[in-house]
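Nothing here was measured: the structure is a model prediction, and the numbers come from that model. Computation of the quantities below employed the complete heavy-atom set of this structure, encompassing side-chain atoms and omitting hydrogens, waters and symmetry-equivalent molecules.
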Amino acid sequence: QVQLVESGGGLVQTWDSLRLSCTASGIDSGYAMGWFRQVPGKEREFVAAISWSTESIYYGDSAKGRFTISRDNAKNTVYLQMNSLKPEDTAVYYCAADNSGDGSIRLWRFYAGGMDYWGKGTLVTVSS
C-alpha cells in the first residue's frame, strides 16, 4: 500500500522561501514523483516532476526559475524547495506518485493529473 505524507507548509511572507517534504511508503524504483497545487475553486495544477533516478526533471510554468524538486530515495522523500514566494503561490500542495514501471516521467500523465497515488496535501499561504 502506497502512502504519501506531505509536510512543511505554513504561512510565509512574499519573497520568503519554504521547503515542502513528501515522505513515501510502499514505493519502489518504478515510481516517478511530483508536486501539484490547487487553489479552492480552481483546477489542480502541475508544479514539478522527478524521475526515480533524478536524471529527469520537469517544471510547470509557474515553478520555473523559483522552485526546485529533488528526492532522496534512501529516505523515500521528495522535496520541493520554493523561493521568492508570491501571494499567487498560495494553495494546497499535493505530492503524487506515478507507477511508470521504470521510474521515468510520463509527462502527459503529470499534465493530465492522472497519478496513481496522492497525498492529502499541505497548505501554503503567502501573505502580501
Side-chain angles (χ1 to χ4, degrees):
Q1 182 72 15
V2 173
Q3 290 189 325
L4 307 176
V5 180
E6 304 94 337
S7 61
L11 173 64
V12 296
Q13 295 185 334
T14 301
W15 304 119
D16 280 353
S17 296
L18 201 62
R19 188 176 80 159
L20 305 182
S21 299
C22 170
T23 301
S25 60
I27 65 168
D28 55 29
S29 60
Y31 285 84
M33 302 290 293
W35 288 94
F36 294 76
R37 69 185 187 184
Q38 188 170 24
V39 176
K42 295 188 176 181
E43 292 187 356
R44 189 145 43 188
E45 175 188 6
F46 165 65
V47 175
I50 186 168
S51 64
W52 172 264
S53 69
T54 74
E55 291 181 356
S56 295
I57 289 175
Y58 293 93
Y59 294 99
D61 289 341
S62 61
K64 292 177 181 176
R66 298 188 300 126
F67 295 1
T68 302
I69 188 171
S70 62
R71 69 189 293 173
D72 184 340
N73 291 329
K75 296 181 178 180
N76 290 328
T77 301
V78 180
Y79 305 97
L80 185 67
Q81 176 67 42
M82 304 186 294
N83 299 327
S84 303
L85 284 163
K86 308 172 184 178
E88 50 264 44
D89 294 317
T90 295
V92 177
Y93 284 73
Y94 296 90
C95 176
D98 177 35
N99 187 4
S100 62
D102 60 359
S104 62
I105 296 172
R106 296 184 292 185
L107 196 58
W108 64 272
R109 283 179 59 90
F110 280 85
Y111 273 105
M115 309 304 291
D116 292 307
Y117 298 97
W118 294 90
K120 294 183 178 181
T122 185
L123 176 63
V124 173
T125 304
V126 184
S127 65
S128 58

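Cluster membership check: Phe46 does not share its hydrophobic cluster with Trp35, using side-chain heavy-atom separations under 4.5 Å among Ile, Leu, Val, Met, Phe, Trp and Tyr. Clustering ILVMFWY residues whenever any of their side-chain heavy atoms sit less than 4.5 angstrom apart, transitively, puts Phe110 in a cluster other than the one holding Leu4. Note on Tyr94: it does not cluster hydrophobically with Val5, by side-chain heavy-atom contacts below 4.5 Å among ILVMFWY residues. Tyr117 and Tyr111 fall into different hydrophobic clusters, where Ile, Leu, Val, Met, Phe, Trp and Tyr side chains are chained together by heavy-atom contacts under 4.5 Å. In this structure, Leu80 is a member of the same hydrophobic cluster as Val126, with clusters built from ILVMFWY side-chain heavy atoms closer than 4.5 Å.
Rounding to the nearest 0.5 Å places OG1 of Thr14 at 10.0 Å from NZ of Lys86. Distance OH/Tyr79 to OG1/Thr23: 7.0 Å, rounded to 0.5 Å. With rounding to the nearest 0.5 Å, the separation of CG in Asp16 from OG in Ser127 is 7.5 Å. Interatomic distance, CH2 of Trp15 versus OG of Ser128, reported as 12.5 Å (0.5 Å rounding). Distance check, rounded to the nearest 0.5 Å: OH of Tyr31 to CG of Asp102 gives 13.0 Å. The distance from the CD1 atom of Ile57 to the CD1 atom of Ile105 is 7.5 Å, given to the nearest 0.5 Å.
A donor atom on one side chain and an acceptor atom on the other are not found under 3.5 Å apart for Thr77 and Asp72. No side-chain N or O of Gln81 forms a donor-acceptor pair with one of Ser70 less than 3.5 Å apart. For the residue pair Asp98 / Ser100, no side-chain donor-acceptor distance below 3.5 Å is found, with atom types taken as modelled. Side-chain contact check for Tyr93 and Arg37: at least one donor-acceptor pair (N or O, by modelled atom type) lies under 3.5 Å.
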Could you go step by step and tell me if Tyr59 and Thr68 meet the side chain to side chain contact (heavy atoms under 4.5 Å, CB included) rule? CA-CA 8 Å; Tyr59 294 99; Thr68 302; 3.8 Å; yes
Does Asp89 form a side chain to side chain contact (heavy atoms under 4.5 Å, CB included) with Val124? I'd like the steps, not just the answer. CA-CA 8 Å; Asp89 294 317; Val124 173; 5.6 Å; no
Before you tell me yes or no, could you show the steps for Arg109 and Asp116 under side chain to side chain contact (heavy atoms under 4.5 Å, CB included), namely the whole-Å CA-CA distance, both residues' side-chain angles and the distance that decides it to 0.1 Å? CA-CA 10 Å; Arg109 283 179 59 90; Asp116 292 307; 3.3 Å; yes
Which is it for Thr90 and Val39 under the side chain to side chain contact (heavy atoms under 4.5 Å, CB included) test, yes or no, and what are the steps along the way? CA-CA 7 Å; Thr90 295; Val39 176; over 6 Å; no
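The two atoms that bring Ser51 and Ser104 nearest to each other are CB-CA, 4.3 Å, heavy atoms only. Residues Met33 and Ala24 come closest through the heavy atom pair CE-CB, 4.3 Å. The two atoms that bring Met115 and Ala96 nearest to each other are CG-CB, 3.6 Å, heavy atoms only. Closest of all the heavy-atom pairs between Lys42 and Gln38 is O-NE2, 3.0 Å.
At least one donor-acceptor pair closer than 3.5 Å links the side chain of Glu6 to the backbone N or O of Gly121. In this structure a side-chain-to-backbone donor-acceptor pair under 3.5 Å is missing from Ser25 to Val2. At least one donor-acceptor pair closer than 3.5 Å links the side chain of Thr122 to the backbone N or O of Gly9. Remark: side-chain polar atoms of Ser62 are not paired, donor with acceptor, to backbone N or O of Val47 under 3.5 angstrom.
Glu88 CD: more than 12 foreign heavy atoms inside a 6.0 Å radius. Annotation: Tyr58, atom OH; neighbour count of heavy atoms from other residues, nucleotides and ligands within 6.0 Å does not exceed 12.
At least one side-chain heavy atom of Leu85 sits under 4.5 Å from a side-chain heavy atom of Leu18.
Remark: aromatic rings of Trp118 and Phe36 are close, center separation under 6.0 Å.
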